[in-house]
Amino acid sequence: MALFRQCPDTGLFFHKEAENLMKANAVAGVVCLLIAGTLALLVVLTRWPAVHLLPADTFYMVLTAHGICALIFWVILFEIAILYFAGSTLLRSRLATPRWACAGFVLMVVGAIMTLAAVFGGNSSVMMTSYVPMRADPSFYLGLILFAVGALIGCFVYLGTLVVAKNEKTYEGSVPLVTFGATVAAIIAVFTIASGAEILIPTYLWSIGYISHIDPAMYRVIWWALGHSSQQINVAAHVAVWYLIAGVVFGARPMSEKVSRAAYLLYIFFLQLASAHHLMTDPGISSEWKIFNTSYAMYLAVLASMIHGLTVPGAIEVAQRKKGLTNGAFEWLRKAPWGNPVFSGMFISLVGFGFLGGISGVVMGTEQISIIIHNTIYVPGHFHATVVIGTTMAWMALTFLLIPVLFRRKMILPQFAKLQPYIFGLGMSMVAVFHMAAGTLGVARRHWDMGFAGNPLGFEYPATAYLLMGIAGIGGVIAVTGGALFVIITVGSLIFGEKLQPEAGLLQSFGVPLADSAYSDEKPARLPMAPAEAVEADHGEAGFEAPGTFILAMVLLVSFVIYYFINWKYLSEVWGLA
Amino acid sequence: MADDNNTDERDDEKISPWQQIIDNPFLLLFIGVAMPTVFYTLWGVMEVATIPIAPY
Ligand code: HEM
Ligand SMILES: [Cu+2]
């Protein structure tokens with residue numbers, strides 16, 4: 001018999017087993033973020049030329065661990081928690097096969113520990129891309145494989161939950177948009193993990209000597225089907241989190257279910273093809289392949305992101321205008337709850353992802369101009385805008401939302417929680433922007449010493465490049481402070497936060513089930529849902545009902561066009577053709 | 001549901017093809033795996049595999 005409890009504050013239903021798994025995955029994820037953030041401080045202080053903290057070998061080891069721990073472990077563990085939330089809580093359904101879900105979680109944790117142990121063992125500083133012929137310890141690859149298998153189990157538990165919910169008729173009509181977005185994330189994850197298996201299993205066999213040779217070009221093609229697609233899981237999932245938060249904080253409903261779902265459909269078709277943008281400069285693959293997969297497919301996926309970037313604030317604007325905030329183009333935005341970290345975190349995530357991540361991403365995905373910044377620190381600048389400001393901040397905002405709901409604890413240090421998104425967002429934006437600027441001057445990524453001290457073939461960067469890396473370093477310290485604040489507030493709340501329910505003890509905060517008395521075996525009432533076709537009746541002339549959002553979108557477009565042409569101008573200056 | 005019929009009779013109603021695609025996660029899963037496998041992976045691997053080996 002499936003046991004459920006209903007959150008008295010939000011009305012959300014939690015299936016007992018699903019709830020514990022959400023907690024366990026989210027907490028393990030935050031632990032990984034803590035490790036990754038600590039390592040980030042060491043990395044960024046080394047790349048700050050005036051500080052240059054670590055010696056070279058430690059730098060590469062720490063950089064490898066930072067990338068893996070943040071981008072793979074933190075992001076994916078949390079993603080699994082989101083899948084269970086979207087499948088079970090939002091559909092008011094029991095989770096399919098909680099035992100398998102538990103096994104998946106254990107595999108992920110064991111895999112993560114194994115890989116990190118290999119990295120800190122010192123013989124696996126191969127960066128998160130682990131390009132062959134660099135050879136890591138076999139347990140490095142094995143850990144990643146176990147982690148991936150665990151995540152794959154999580155995806156199938158989620159898909160199974162969709163089937164259970166449908167069969168048991170826990171909802172009517174189509175699944176909610178947020179669940180639909182989570183489904184898209186799970187689908188992309190299946191392809192991602194399959195690609196990971198295709199390349200990591202042979203690489204593991206090579207590392208233990210069963211296979212003599214792995215072709216580096218082949219490795220790169222298949223590895224990026226994993227590396228890029230995994231970032232698209234994040235995009236699909238954090239967009240779903242944006243919709244969720246817009247709904248919870250403002251009661252905003254999507255402007256058009258149909259348009260939003262169509263945009264998600266574009267993700268399913270095209271987003272993963274854009275993996276090719278990592279191979280723009282690779283020899284051996286034709287321009288046809290590159291251009292089809294990036295210029296054609298990628299732009300359709302970008303279009304989808306722009307639709308989401310427009311409909312999320314648009315939906316908020318419509319909801320706010322209905323509440324009477326109709327003065328001028330931006331009263332709805334000015335009077336938004338900027339002191340609520342759930343909203344501010346989500347909105348910084350949206351704007352940062354669109355302006356910093358989106359614009360730079362299109363530039364990097366354009367074959368001709370991406371050559372200017374290929375393999376420079378511009379690349380980390382770009383992806384810290386997407387995976388940190390975009391994804392990580394969305395996860396953080398959701399965490400603030402869920403601490404009282406899921407963990408039944410009141411948040412501690414509310415004054416600091418208010419500031420956290422601004423500190424983290426500011427610091428990370430500085431890292432992103434100044435890394436991009438330094439990259440434009442040619443500063444290499446993954447490089448311990450931009451001064452090339454003692455090298456026979458040095459290179460003199462302009463003094464500005466050193467200054468820019470220094471400012472990025474300051475931004476990094478601010479960001480790490482914001483990240484630390486997040487960990488202190490969340491973990492602190494789980495331990496010291498006032499209990500909102502007597503059953504919410506200390507162990508319960510970390511995944512141990514609440515006492516049975518908190519649950520009831522009564523089935524939640526069926527969830528009524530609008531059909532996916534619905535265009536909200538009162539959104540007749542879309543766009544003009546949300547003029548403020550329309551202006552924001554135009555600002556984005558103009559910034560993009562200007563920036564795009566600046567880059568072509570740069571390109572024309574790379575080779576002096578007199 | 002505009003009418004107040006029993007919702008279980010929904011199947012009898014006309015469901016648009018669009019709605020049918022959107023509501024079928026396993027069809028979407030198939031598309032989401034097939035597209036990149038064909039256009040990205042298979043095509044890309046074929047190109048790398050057909051690069052001639054350099055003579056010694
Ligand atoms: C807390 C603030 C953070 C700071 C200050 C920071 C800073 C940095 C710096 C300076 C680099 C090295 C760039 C280079 O030399 O090539 C780097 C690499 C990287 N970071 Fe972060 N980071 C932070 C958080 C994150 C988060 C949350 C994620 C993922 C969600 C992330 C993912 C990565 C990845 C994937 C790399 C590349 C590793 C590689 O080249 O193999 N970072 N970060
Ligand atoms: Cu990519």
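Keep in mind that this is a model prediction, so the values were computed, not measured. Numbered from 1 within each chain, the chains take letters A, B, ... in sequence-line order.
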Exercise. Between atom CZ of Phe26(B) and atom OG1 of Thr183(A), what is the distance when rounded to the nearest 0.5 Å?
Worked result: 9.5 Å

Exercise. Just how far is it from atom CG of Leu29(B) to atom CZ of Phe156(A), taken to the nearest 0.5 Å?
Worked result: 6.0 Å

Seminar exercise, completed: Closest non-hydrogen contact found for Pro25(B) with Ile187(A) is O-CD1, 4.0 Å

Exercise. What part of Leu279(A) lies closer than 4.5 angstrom to a heavy atom of chain B: side chain, backbone, both or neither?
Worked result: side chain

Problem set entry | Which atoms of Thr37(B) approach chain A - backbone, side chain, both or neither, heavy atom under 4.5 Å | both

Exercise. Does the Gln272(A) side chain pair with the main chain of Gly32(B), one donor and one acceptor, at a distance under 3.5 Å?
Worked result: yes

Problem set entry | Residue selection (most heavy-atom pairs with chain A, distance under 4.5 Å) from Ile51(B), Leu28(B), Ile21(B) | Leu28(B)

Exercise. Counting heavy-atom pairs under 4.5 Å to chain B, which of Ala262(A), Ala274(A), Ala186(A), Ala194(A) comes out on top?
Worked result: Ala262(A)

Exercise. For Ala49(B), is it the side chain, the backbone, both, or neither that has a heavy atom closer than 4.5 Å to a heavy atom of chain A?
Worked result: both

Seminar exercise, completed: CD (Glu47(B)) and NZ (Lys290(A)) are apart, to the nearest 0.5 Å, by 9.0 Å

For this session: Hey, could you give me the CZ/CH2 distance between Phe292(A) and Trp43(B), rounded to the nearest 0.5 Å?
Result: 6.5 Å

Seminar exercise, completed: Honestly, the part of Phe270(A) sitting under 4.5 Å from a heavy atom of chain B is side chain

Problem set entry | Which atoms of Glu288(A) approach chain B - backbone, side chain, both or neither, heavy atom under 4.5 Å | both

For this session: Drop me the distance from Ile22(B)'s CD1 to Lys258(A)'s NZ, to the nearest 0.5 angstrom.
Result: 9.5 Å

Exercise. Less than 4.5 Å apart, any side-chain heavy atom of Val190(A) and any of Val33(B)?
Worked result: yes

For this session: Measure centre to centre between the rings of Tyr40(B) and Trp289(A), then say whether the value is under 6.0 Å.
Result: yes

For this session: Let me know if Leu159(A) has heavy atoms under 4.5 Å from chain B in its side chain, its backbone, both or neither.
Result: both

Problem set entry | Part of Val163(A) within contact of chain B (heavy atom distance under 4.5 Å) | side chain

For this session: Taking all heavy atoms of Val45(B) and all of Met218(A), pick out the closest pair and write down the distance.
Result: CG1-SD, 3.8 Å

Exercise. Going through the distances and angles, do Leu265(A) and Trp18(B) end up as a side-chain contact (heavy atoms from CB on, under 4.5 Å)?
Worked result: CA-CA 11 Å; Leu265(A) 208 56; Trp18(B) 159 258; 3.7 Å; yes

Exercise. In terms of heavy-atom proximity below 4.5 Å to chain B, should Asp215(A) be classed as side chain, backbone, both, or neither?
Worked result: side chain

Exercise. What closest approach, in Å, do Asp23(B) and Ser174(A) show between heavy atoms, and which atom pair accounts for it?
Worked result: OD1-OG, 2.9 Å

Problem set entry | From Tyr296(A) atom OH to Phe39(B) atom CZ, the distance as rounded to the nearest 0.5 Å | 13.5 Å

